[in-house]
Amino acid sequence: MLPDRIPSGKDEQVMTSNTRVRFAPSPTGALHIGGAHTALFNWLWARHIGGSFILRIEDTDLARSTEEHERTILQGLSWLGLDWDEGPDVGGSHGPYRQSERREIYLRHAHDLVRSGQAYCEGEAVIFSVPKGRTVAFDDLVYGHIEMESDTLKDVVLIKSDGFPTYNYAVVVDDHLMEITCVVRGEDHISNTPKQLLLYQALGWETPLFAHLPMILGKDKKKLSKRHGATSVYEYRDMGYHPDALFNYFALLGWNPGDDREIFTREEAVRMFDLTRVTKKASVFDMDKLNFVNQAHIAMMPPLERARHTFPFWEEAGLDPGSRSEEWLAGVLDLLEGRGRTFRELAEYTDYFLSFEAVKKRWGGEDIDGERRGTLKGFFTAMLSFPSWSPEELEVMAKAWCDGKGLKMKDVAMPLRWALTGRKVSPGIFHVAAFLGRDEVKKRLSHYGLI
RNA sequence: GGUCCCAUCGUCUAGUGGCCUAGGACACAGCCCUUUCAAGGCUGCGGCACGGGUUCGAAUCCCGUUGGGACCGCCA
C-alpha cells in the first residue's frame with residue numbers, strides 16, 4: 001500500500017511528470033523562515049524533477065487567518081522567486097485551493113466515516129476513533145523507516161464545532177484529492193503522520209510519499225522566534241538581502257550538493273537538488289553565513305542590477321539617486337569592489353558620492369594643525385592642477401610627490417579620504433577622487449581650507 | 001509524563017567499515033598585499049557526546065547512557 005521505492009537516479013525520468021508537491025501555509029502571519037525553507041525545498045524538488053508545485057491556503061483557523069496575511073505570504077514567495085503551478089490566485093484543475101472554500105468536501109468524507117462506523121459525533125464535532133492494536137509505519141524519504149503503535153494515539157477531531165475541519169484531517173483530504181504524490185514538510189509533522197496514515201486507511205485512499213525536513217533553530221538551538229531577530233522574509237528584504245542569496249542560504253540549510261559548492265544560482269540549485277540528500281539534523285540559522293552568501297551574490301551580479309537593488313536604500317538614507325543615471329550609480333558601486341554585505345551597506349558606504357552634506361556631518365576638518373595643513377595645501381594644489389585625472393596617474397603623481405618630501409602615501413591619502421568621504425575607510429581614495437571629478441574634489445578640499 | 005526524531009569543529013556540512021593521524025565553508029586569529037577598509041592569497045585554532053559491543057579494522061553497524069528537539073489542541 002505504501003510505495004516503498006524512492007525516486008532516484010534513472011527512475012526519475014519515468015516518475016517525473018506526475019510528481020506533485022505542495023506548500024500549505026496558514027495565513028496567520030507573514031511568510032517566516034521555516035515556511036520559506038519548506039516552500040523552497042518543495043519548489044526545488046518540483047522544478048528538479050519536472051513536476052508541479054501547488055500552493056494551498058490552510059485557513060481553517062477562523063480567529064487568526066486573514067486575507068492580508070495570505071497576500072503577504074504569496075508576495076513573499078514571489079519575492080523569493082518561487083512560482084506555483086496551481087494555487088488560490090492562479091487556479092488549477094484541483095481547486096479550490098483555500099480550505100475555507102472546501103468545507104462541503106470535508107463534511108462529506110467525515111460523514112462517510114461516521115456512516116462506516118469509523119468516526120462518531122460529539123455535539124457539533126466529528127471525531128475519528130483511532131483503531132486499537134495497529135502498528136502504523138511509513139518510510140520517510142529523509143528519516144527512513146518510522147513506526148508507531150496506534151494505541152498511543154488519542155481519537156482525532158475531524159470537524160470542529162464551528163464546522164471547519166482540523167489540520168490533521170483537512171491535510172489528508174486535500175493531499176489525496178489534489179493528488180499530491182509526495183508530502184514535503186517540516187519535521188515537526190513526523191508525529192502527526194501516523195494519525196494521518198490511519199485516516200488514509202479509513203478512507204480507503206492510497207498514501208503519498210513523505211519527506212520531512214529538518215527544522216531551523218535559533219542560535220540557542222531553540223525554535224526560531226522573534227527573540228532571535230528577523231523571522232519574516234520581508235525583514236530580510238528590508239535589511240538589504242538579495243532574494244537569490246536568501247534562496248541560496250536556505251537551500252544550504254539541511255541540504256548540500258555533495259561537492260564543496262556553496263554559492264550557486266537558482267538554476268544550478270534546481271539542477272543539483274535531490275530530496276534524498278537532505279540531512280536529518282536541525283540546523284541553526286546563522287547570520288554570519290547569510291551575510292557571506294549575500295556578499296557573494298552581490299559581488300557576482302551585473303552592475304546595473306546591483307544599482308537597481310541599492311536604489312531604495314539610498315533613498316531611505318535621504319539621498320537622491322534619481323538625480324543620477326543608472327550607469328553612474330553602477331559605477332559608484334563598482335568602486336566598492338566587494339565591500340559591503342547587504343544593499344543597505346552598499347548605500348551607506350557610498351553616501352558621499354551622492355551628497356557632500358553627509359561628509360560635512362561626519363567631519364568638521366579637525367585634527368589638522370597649521371604645519372600639516374601647509375604641507376597638504378601644497379599637495380592638493382599640485383594634484384588639482386595635475387594634467388591627468390585618472391586614478392592610476394594620480395596615484396603615481398602622489399607617490400612621487402610624497403617621495404620628494406620624505407612623506408608616506410598615507411600622510412596625504414588619509415586627509416584626502418576624510419575630506420572627500422568624511423570617513424576613515426573607503427575604496428582607493430584616488431579612485432574616489434577620479435570618480436567624483438576635479439571640480440567636486442576642489443569644492444570639498446576648499447570647504448575644509450585644504451587648498 | 002507518554003510517543004517519535006536527532007547527535008562530526010562555535011555554526012553549516014563531507015563522510016554509508018579500511019582512501020580519515022576526519023575534508024570543505026562561515027566565523028575567529030595571524031601573515032602577505034596595501035593610502036584605509038574590504039576583496040584576494042597563505043597559515044593557524046577547532047570536532048566524530050559518553051560507555052559497551054560486533055569486526056582483522058568503526059565517525060560509519062548494534063545496544064545502552066547522556067544531551068537536544070518535536071508532537072501529544074475543536075492551532076496549523
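Heavy-atom basis, side chains included; hydrogens, waters and symmetry copies ignored.
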As a test of reading the structure: which of B:rC75, B:rC5, B:rU35 is closest to the side chain of A:A413, going by heavy atoms? B:rU35
Classify the side chain of A:S191 and the base of B:rC4 as holding, or not holding, a donor-acceptor pair under 3.5 Å. no
How many Å lie between CG on A:L224 and C1' on B:rA70, as a whole number? 15 Å
Is A:R266 positioned over the aromatic face of A:F247, cation under 6.0 angstrom from the ring centre and no more than 45 degrees off axis? yes
How is A:N168 classified with respect to the nucleic acid when contacts are heavy atoms under 4.0 Å: base, sugar-phosphate, or nothing? base
If you look at every strand shown and take non-hydrogen atoms under 4.0 Å, does A:H212 touch a base, only sugar-phosphate, or nothing? nothing
Honestly, is A:R56 close enough over A:F23, meaning NZ or CZ under 6.0 Å from the six-membered ring centre and within 45° of the axis? no
Within residues 335-353 of chain A: residues closer than 4.0 Å to RNA chain B (heavy atoms): A:E337, A:G338, A:R339
What is the nucleic acid contact for A:K160, judged by heavy atoms within less than 4.0 Å: base, sugar-phosphate only, or nothing? base
When you measure from the side chain of A:D175 to the backbone N and O of A:I180, does any donor-acceptor pair fall under 3.5 Å? no
Pick the C1' atom in B:rA25 and in B:rC71, then give their distance to the nearest Å. 34 Å
What nucleic acid atoms does A:I190 come within less than 4.0 Å of, heavy atoms only: base, sugar-phosphate, or nothing? sugar-phosphate
Nucleotide B:rG2, atom P - distance to CG of A:L153 in whole Å: 16 Å
Reckon A:T28 touches a base, only the sugar-phosphate, or nothing at all at heavy-atom distances under 4.0 Å? nothing
For B:rC45 versus B:rC61, give the span between their P atoms, rounded off to a whole number of Å. 29 Å
Closer than 4.0 Å, any side-chain N/O of A:T60 to the OP1 or OP2 of B:rA76? yes
Between C1' of B:rA76 and CZ of A:R22, the distance in whole Å: 11 Å
Would you indicate which nucleotide in B:rC4, B:rC75, B:rC26 comes nearest to any side-chain atom of A:F292? B:rC26
Hey, which sits more toward the 5' end of RNA chain B by its nearest nucleotide, A:G428 or A:R64? A:G428
Below 4.0 Å: OP1/OP2 of B:rG69 and any side-chain N or O of A:K222: yes
Can you tell me the base-pairing partner of B:rA59? Count Watson-Crick or G-U wobble geometry only, both distances below 3.5 Å, and say none if there is no partner. none
Could you check whether the rings of A:F313 and A:F343 sit parallel, tilted or perpendicular, using 30° and 60° as the cut-offs? parallel
Is the ring pair A:W45/A:H48 parallel, tilted or perpendicular, if the boundaries are 30 and 60 degrees? parallel
Nucleotide B:rA38, atom P - distance to CZ of A:R417 in whole Å: 12 Å
What's the CZ-P distance between A:R423 and B:rA38, to the nearest Å? 14 Å
Those residues that, when tested against A:R102, pass salt bridge (charged side-chain N to carboxylate O under 4.0 Å, His left out) (two or more places apart): A:D174
Taking atom P in both B:rG52 and B:rG46, what distance in whole Å separates the two? 26 Å
C1' atom, B:rC20 versus B:rU60: distance in rounded Å? 11 Å
Any ion pair linking A:R115 and A:D112 (charged N to carboxylate O, less than 4.0 Å)? yes
Which whole number of Å gives the distance between the C1' atom of B:rC48 and that of B:rA7? 10 Å
Quick one: what's the B/S/- string for nucleotides 8-16 of chain B, heavy-atom cutoff under 4.0 Å, read 5' to 3'? S--SBSSS-
Classify the angle between the aromatic ring planes of A:F285 and A:F250 as parallel (below 30°), tilted (30 to 60°) or perpendicular (above 60°). tilted
Euclidean distance for P, B:rG51 against B:rA58 (whole angstrom): 14 Å
Test ring pair (Phe, Tyr, Trp, His ring centres under 6.0 Å) on A:H189 and A:F210 and set out the steps. CA-CA 10 Å; A:H189 287 294; A:F210 290 94; over 10 Å; no
Classify the ring geometry of A:W363 against A:Y448: parallel below 30°, tilted from 30° to 60°, perpendicular beyond 60°. tilted
Within a 6.0 Å radius of atom CD on A:E305, are there more than 12 heavy atoms belonging to other residues, nucleotides or ligands? yes
Testing B:rU35, B:rA70, B:rU36 for proximity to the side chain of A:V425, the answer is B:rU36
Mind checking A:E395 for me? I need base, sugar-phosphate or nothing, with any heavy atom below 4.0 Å counting as a touch. base
Pair A:E68 + A:R71: basic N to acidic O under 4.0 Å: yes
Please give, in whole Å, the distance from B:rG68 P to A:M215 CE? 18 Å
Proximal nucleotide (of B:rA76, B:rC6, B:rU35) relative to the A:K280 side chain: B:rC6
Would you measure the distance from the P atom in B:rA22 across to the matching atom in B:rC9 and give it in whole Å? 14 Å
Heavy atoms under 4.0 Å, any strand shown: does A:K223 hit a base, just sugar-phosphate, or nothing? sugar-phosphate
Select from A:S161 and A:P427 the residue whose nearest nucleotide in RNA chain B is closer to the 5' end of that strand. A:P427
Between A:H189 (NE2) and B:rG69 (P), how many Å, whole number? 19 Å
Touch check for A:S426, heavy atoms < 4.0 angstrom, all strands: base, sugar-phosphate only, or nothing? base
Nearest-angstrom distance, C1' atom, B:rU8 to B:rG23: 11 Å
Which of these nucleotides, B:rC71, B:rU35, B:rC74, is closest to any side-chain atom of A:D188? B:rC71
Between CD1 of A:I159 and P of B:rC75 the distance, given in whole Å, is 12 Å
I'd like to know if the side chain of A:N42 reaches the main chain of A:T38, judged simply by a donor and an acceptor atom lying under 3.5 Å from each other, with no hydrogens or angles considered. yes
